[in-house]
Amino acid sequence: MRIRIKELLKNPDLGKEFEISGWVRTKRGNKNIAFIALNDGSTIHNIQVVLNMADFEEEIIRKVTTGSCIKVEGVLAASPGKEQPVELHGSRLHVYGTADPDHYPLQKKGHSLEFLREIAHLRPRTNTFGAVLRIRHAMSFAIHKYFNDRGFYYLHTPIITASDCEGAGEMFRVTTLDLKNPPLLEDGSVDFGEDFFGRETSLTVSGQLEGELAALALSNIYTFGPTFRAENSNTPRHLAEFWMIEPEMAFYDIHDNMDLAEDFLGYLIRYAMEHCSDDLKFLNNMYDRDLMGRLEFTLNNKYERITYSRAVEVLIQSGEKFEYPVSWGVDLQTEHERYLVERHYRKPVMVTDYPKDIKAFYMKQNDDGKTVRGLDVLFPKIGEIIGGSQREEDYHKLRRRIQELSLPEKDLWWYLETRRFGTAPHSGFGLGFERLLLFVTGLGNIRDVIPFPRFPKNANF
RNA sequence: UCCUCAGUAGCUCAGUUGGUUAGAGCAUCUGGCUGUUAACCAGAGGGUCCAAGGUUCGAGUCCUUGCUGAGGAGCCA
């Protein structure tokens, strides 16, 4: 009966027989003895397997190379070496799969993250990606636990959508039409009436609008699913396919929304520190010496809450020379956000009440007629981690805004009907899952916190 | 998409004002070593210098274009 290495390393039963399986990280030794560092992904730690060469055929020992997969049965013993408390003295060895050392690309020494991206099929076998994938799992689980414990319902919003009005970015088209020979209308344009759904469809850029429908029935819901943006974004913070968490709450105003966002992020970071400490320590030592300090710092400081107008004042009064000059009405640039978070306040900042012209149509309009109740949460190092708002619940104000912006009102009839029938104040936000992971892991490129990244010119693996 | 930088051995990188047979560390292979710790010691093999064109007596090195990657910006989560 196989035991996972994570459990074996904690097991106090020295002298007992155990069976383990895993992938070889290194083998070293001489003609009398061999040491194998074995890892099965259950923990970042390897177990040292010790083989007395006299007990085995030379042929089978030769097959054990970096990257090969083996099963070992043996006795757990205290290790005389300094680097590990226990080790397994192997008495039986089975090789599941060899890994030709001339061709196996992973070495026991360091690889660049850029190189590992080119071998994404093998990078889960590295310490770094083992750590990232375990943290990714823990964060997914913690998200569901957080909401479940608080009475939120997990809502599955559609991935294929016909609504082109979310306004969050370029969309990927979904079609079964023959691209070489599509059916045409009389004016020469493509006849999407002939397409699978009988209309133009795309991959979703947000589940928010559907999320609102459910919140105005179940009170508190959240979505957690894949999201697609066809923007030609080439940055360490953008993916074409990423995962987003979107809670939506009836009877929440913008302040309730902020309270939730801050509590939620704090919960997740605390969860990672409690449940992933080995992996975080590794990442801290290998990639980001400030990681643990920064995580603790965000837990120990209340987020600064300011309005957009106040942010503009601070930036103007700073005397800083920005590449993009600041004035009321223009959107905050990355350099402005970084100044606020990293230099002025030195902690996470929540900015609200943006000019209505730079924000989406569905945000609740303030009485001043100029601003809307949008919310951005800005984090050190990664910038915008959350974007959200209190939603406009007034049917007439919402409809007028749709008309002002020349949005296709007829496609939004279902969204507007929630404001005609039993409307309610409500709020929500979107958290980019991989942005969260960037912050929690301390890694610098979003392509390294998702197993198989999709970005312009790349859909490999 | 724009700006900047880069592409040389399996990996990480050096390569001088353009000059003769392109180097190092690690990895791999061979040998050695009675418990190692990214083991160590000795030796060996390993190159379409990203691609195509150009300048030149001569190009890894200079020029043009393209491809790929990284960082920054825009868009945003």
Side-chain angles (χ1 to χ4, degrees), chain A residues 25-37 46-54 62 65-67 77-84 87 89 99-119 126-127 166-170 205-208 226-246 261 286 322-324 331-338 358-360 375-379 382-388 429-439 444-450 455-458 460:
Chain A
R25 289 295 171 77
T26 71
K27 184 181 75 169
R28 50 182 178 264
N30 52 44
K31 57 175 128 164
N32 302 298
I33 192 164
F35 300 93
I36 298 166
N46 305 323
I47 189 161
Q48 172 156 280
V49 172
V50 184
L51 300 181
N52 190 340
M53 298 291 270
R62 287 177 67 87
T65 59
T66 297
S79 175
K82 293 193 199 84
E83 305 293 318
Q84 61 281 318
E87 61 191 20
H89 291 180
D100 181 353
D102 280 331
H103 296 103
Y104 185 64
L106 289 172
Q107 301 164 14
K108 47 190 167 186
K109 296 220 169 191
H111 291 288
S112 67
L113 292 170
E114 291 83 1
F115 173 68
L116 293 176
R117 244 169 258 155
E118 293 168 10
I119 52 166
T126 63
N127 286 333
E166 283 141 343
E170 294 294 310
V205 293
S206 165
Q208 179 199 317
T227 309
F228 307 88
R229 304 272 167 94
E231 298 283 319
N232 190 12
S233 292
N234 292 284
T235 85
R237 298 184 305 283
H238 290 86
L239 290 166
E241 175 183 290
F242 62 100
W243 289 67
M244 188 154 63
I245 300 102
E246 295 181 288
M286 295 299 287
F322 295 111
E323 188 184 342
Y324 294 86
D331 207 355
L332 297 180
Q333 303 293 314
T334 299
E335 56 174 342
H336 306 141
E337 295 175 350
R338 294 191 69 149
I358 59 173
K359 288 292 181 185
L375 161 66
D376 282 357
V377 181
L378 309 177
F379 258 39
I382 56 169
E384 186 180 340
I385 191 170
I386 276 178
F429 59 80
L431 169 68
F433 186 50
E434 285 77 17
R435 294 255 175 105
L436 171 74
L437 287 171
L438 270 185
F439 186 74
N445 193 313
I446 202 164
R447 297 167 188 180
D448 297 328
V449 296
I450 189 168
F455 51 92
K457 299 279 188 286
N458 188 296
N460 296 329

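Convention: sequence-line order gives letters A, B, ...; per-chain numbering from 1. What you are looking at is a predicted structure, and each value in this text was computed from that prediction instead of being measured. The basis for the numbers below is simple: all heavy atoms, side chains too, and nothing from hydrogens, waters or symmetry mates.
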remark   = P101(A) has its side chain closest, among C76(B), U68(B), U28(B), to U28(B)

ask   = Taking N and O atoms by type only, does the side chain of S233(A) place a donor or acceptor under 3.5 Å from a partner on the base of C76(B)?
value =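 Answer is no: no donor-acceptor pair is held.
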
Please work out if [X] contacts a base, only the sugar-phosphate, or nothing of the nucleic acid, heavy-atom cut-off 4.0 Å.
X	answer
L436(A)	nothing
R447(A)	sugar-phosphate
L239(A)	base
Y324(A)	sugar-phosphate
T227(A)	nothing
N234(A)	base
H111(A)	sugar-phosphate
R117(A)	sugar-phosphate

ask   = Roughly how far, to the nearest 0.5 Å, is CZ of F439(A) from CD1 of I385(A)?
value = 7.0 Å

request  = Sticking with atom C1', work out how far U17(B) lies from C13(B), rounded to a whole angstrom.
outcome  = 23 Å

message = Using side-chain hydrogen bond (donor to acceptor under 3.5 Å, both in side chains), reason through R28(A) and T26(A) one step at a time and then give a plain yes or no.
response = CA-CA 7 Å; R28(A) 50 182 178 264; T26(A) 71; 3.2 Å; yes

request  = Test the R447(A)-F455(A) pair against the cation-pi criterion, namely NZ or CZ under 6.0 angstrom from the six-membered ring centroid and within 45° of the ring axis.
outcome  = yes

Every protein N/O within reach of nucleotides 44-50 of chain B N/O, cut-off under 3.5 Å:
none

task = Could you tell me whether H336(A) and F322(A) have their ring centroids closer than 6.0 angstrom?
result = yes

Restricting both atoms to N or O, compile the protein contacts to nucleotides 4-10 of chain B shorter than 3.5 Å, with distance only.
| unit_1 | atom_1 | unit_2 | atom_2 | d |
| --- | --- | --- | --- | --- |
| G10(B) | N2 | Q107(A) | OE1 | 3.2 |
| G10(B) | N2 | Q107(A) | NE2 | 2.7 |
| G10(B) | N3 | Q107(A) | NE2 | 3.2 |

ask   = Which nucleotides of nucleotides 31-39 of chain B have their base under 4.0 Å from a protein heavy atom (B), which only their sugar-phosphate (S), and which neither (-), written as one string 5' to 3'?
value = --BSBBBBB

query = Can you name the closest pair of heavy atoms from Q208(A) and E246(A) and give their distance?
reply =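 Taking every non-hydrogen atom into account, N-OE1, 3.6 Å.
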
request  = Measure from CD on E118(A) to C1' on U12(B) and round the result to the nearest Å.
outcome  = 13 Å

